[in-house]
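Input: a single structure, listed below in structure tokens.
All heavy atoms count here, side chains included; hydrogens, waters and symmetry mates do not.
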Amino acid sequence: MDNTELKFQKTIESLESKLLNRAGRANPAMLNGINASYYGALTPIQSLANITVPEARTLMIKPFDKSALKEIERAINEANIGITPVNNGETIILTVPELTEEKRREYVKMAKAVCEEAKVALRNIRQEANNEIKKQELPEDEEKMYLDDIQETINEYNKKIDDIFKEKETELMRV
């Protein structure tokens with residue numbers, strides 16, 4: 001039961017991290033997974049520079065070593081995140097464009113799809129747990145109690161996912 005609960009929590013954490021990037025606001029997490037070549041080794045941008053958010057729609061990347069500036073800029077361009085980096089010789093500035101109504105709706109659809117994937121993951125975890133319980137050959141009433149506990153837990157987590165989606169939808173549609 002504890003192992004199942006832990007898997008449910010990890011699914012929620014994964015969902016939240018996937019939804020972090022979609023808001024039309026600058027967020028350092030937008031650069032997660034982007035690696036720049038630094039002395040021949042691919043290195044995460046977060047390891048090469050300070051990333052700050054001076055304004056709601058602006059990211060500023062200030063490398064620890066100025067020689068990495070061009071490589072960071074190239075990595076961001078190649079990552080195709082939809083933002084063109086501006087290099088001023090000391091920092092790279094990323095300005096997140098204002099979202100159009102159409103783009104907002106598209107992001108809401110993407111968020112809904114990510115939430116549905118999380119629900120599917122929860123169902124798969126529940127199925128695994130149910131199979132484990134049935135393998136243990138417990139008395140019928142005890143087995144039913146465990147199955148009901150898992151169902152209650154998954155209902156709670158499904159509600160959390162719905163709440164996360166509603167919150168994200170509100171955030172995305174706010175102008």
Side-chain angles (χ1 to χ4, degrees), residues 1-35 42-61 75-76 79-83 94 96-136 138 141-175:
M1 195 62 180
D2 291 337
N3 189 28
T4 302
E5 180 98 21
L6 187 63
K7 288 180 181 178
F8 286 162
Q9 288 172 353
K10 286 186 178 183
T11 302
I12 295 293
E13 289 170 13
S14 172
L15 169 68
E16 289 172 338
S17 71
K18 286 178 184 175
L19 290 178
L20 201 59
N21 300 10
R22 298 173 171 71
R25 289 194 193 98
N27 186 333
M30 297 169 81
L31 303 176
N32 287 353
I34 300 177
N35 297 317
L42 286 179
T43 310
I45 291 176
Q46 289 86 342
S47 299
L48 297 174
N50 279 330
I51 302 170
T52 57
V53 184
E55 296 175 21
R57 293 186 351 184
T58 306
L59 269 182
M60 190 176 341
I61 305 166
I76 292 169
N80 199 17
I81 59 173
I83 303 171
L94 299 173
V96 179
E98 188 69 42
L99 295 177
T100 62
E101 181 75 18
E102 183 180 321
K103 197 69 165 168
R104 289 175 191 276
R105 292 192 189 285
E106 188 179 313
Y107 279 168
V108 168
K109 284 181 187 174
M110 290 166 63
K112 183 139 185 85
V114 169
C115 288
E116 285 304 315
E117 287 174 18
K119 285 184 176 184
V120 169
L122 289 179
R123 287 194 292 270
N124 290 337
I125 295 166
R126 177 190 59 192
Q127 189 63 43
E128 273 179 35
N130 287 350
N131 290 341
E132 282 296 315
I133 289 169
K134 290 175 182 174
K135 283 182 189 174
Q136 292 179 9
L138 299 168
D141 58 337
E142 198 174 322
E143 182 178 305
K144 182 167 176 22
M145 180 191 71
Y146 284 127
L147 294 175
D148 289 345
D149 283 349
I150 289 175
Q151 187 58 46
E152 282 178 33
T153 306
I154 199 169
N155 289 344
E156 289 173 25
Y157 279 91
N158 277 328
K159 185 174 178 353
K160 282 183 186 179
I161 289 174
D162 290 338
D163 292 344
I164 290 168
F165 172 72
K166 286 176 189 163
E167 188 178 312
K168 192 66 178 179
E169 181 180 32
T170 303
E171 178 186 334
L172 285 168
M173 296 309 289
R174 190 178 316 126
V175 178

| said: I'd like to know whether Glu117 forms a side-chain contact (heavy atoms from CB on, under 4.5 Å) with Val120, so could you lay out the CA-CA distance, the side-chain angles of the two residues, the decisive distance to 0.1 Å, and finally the verdict. | reply: CA-CA 5 Å; Glu117 287 174 18; Val120 169; 5.6 Å; no

| remark: Here the gap from Glu167 atom CD to Leu172 atom CG, rounded to the nearest 0.5 Å, amounts to 11.0 Å

| said: Is there a salt bridge (Lys or Arg N to Asp or Glu O under 4.0 Å) between Lys10 and Glu13? Walk through the geometry before answering. | reply: CA-CA 5 Å; Lys10 286 186 178 183; Glu13 289 170 13; over 6 Å; no

| note | In this structure, CG of Asn130 is separated from CZ of Arg123 (nearest 0.5 Å) by 13.5 Å

| query | Does atom CD of Glu106 have more than 12 heavy-atom neighbours from other groups under 6.0 Å away? | reply | yes

| query | Tyr157 ring centre to Lys160 NZ or CZ under 6.0 Å, with the angle to the axis within 45°? | reply | yes

| task | Indicate yes or no for a side-chain donor-acceptor contact from Thr153 to the backbone of Asp149 under 3.5 Å, with no hydrogens or angles considered. | result | yes

| request: Would you please test Glu116 and Lys119 for side-chain contact (heavy atoms from CB on, under 4.5 Å) and show each step? | output: CA-CA 5 Å; Glu116 285 304 315; Lys119 285 184 176 184; 4.1 Å; yes

| Which pair of heavy atoms, one from Phe165 and one from Cys115, lies closest together, and at what distance? | CB-SG, 3.6 Å

| message | Applying side-chain hydrogen bond (donor to acceptor under 3.5 Å, both in side chains) to Glu128 and Asn124, what does each step give before you reach the verdict? | response | CA-CA 6 Å; Glu128 273 179 35; Asn124 290 337; over 6 Å; no

| query | Out of curiosity, Thr43 OG1 to Ile34 CD1, how far, rounded to the nearest 0.5 Å? | reply | 14.0 Å

| note | Shortest non-hydrogen pair, Glu143 vs Leu138, comes out as OE1-O, 4.1 Å

| Would Lys168 and Glu171 pass as an ion pair if we require N to O under 4.0 Å? | yes

| remark: Hits for side chain to side chain contact (heavy atoms under 4.5 Å, CB included) against Ala129, two or more places apart or cross-chain, chain-then-number order -> Thr4, Ile150

| message | Between Val114 and Leu15, is there a side-chain heavy-atom distance shorter than 4.5 Å? | response | yes

| Rounded to the nearest 0.5 Å, how far apart are CE of Met60 and OG1 of Thr52? | 4.5 Å

| query | Rounded to the nearest 0.5 Å, what separation is found between the CD1 atom of Ile61 and the CG atom of Asn50? | reply | 11.0 Å

| message | In the structure I gave you, are the side-chain heavy atoms of Leu59 and Val96 within less than 4.5 Å of one another anywhere? | response | no

| In terms of side-chain geometry, is the basic nitrogen of Glu156 or Lys159 positioned less than 4.0 Å from the acidic oxygen of its partner? | no

| task | Give a yes or no on this: more than 12 heavy atoms of other residues, nucleotides or ligands lie within 6.0 Å of atom CD of Gln136. | result | yes

| At what distance, to the nearest 0.5 angstrom, does CD1 of Ile76 lie from CD1 of Ile83? | 8.5 Å

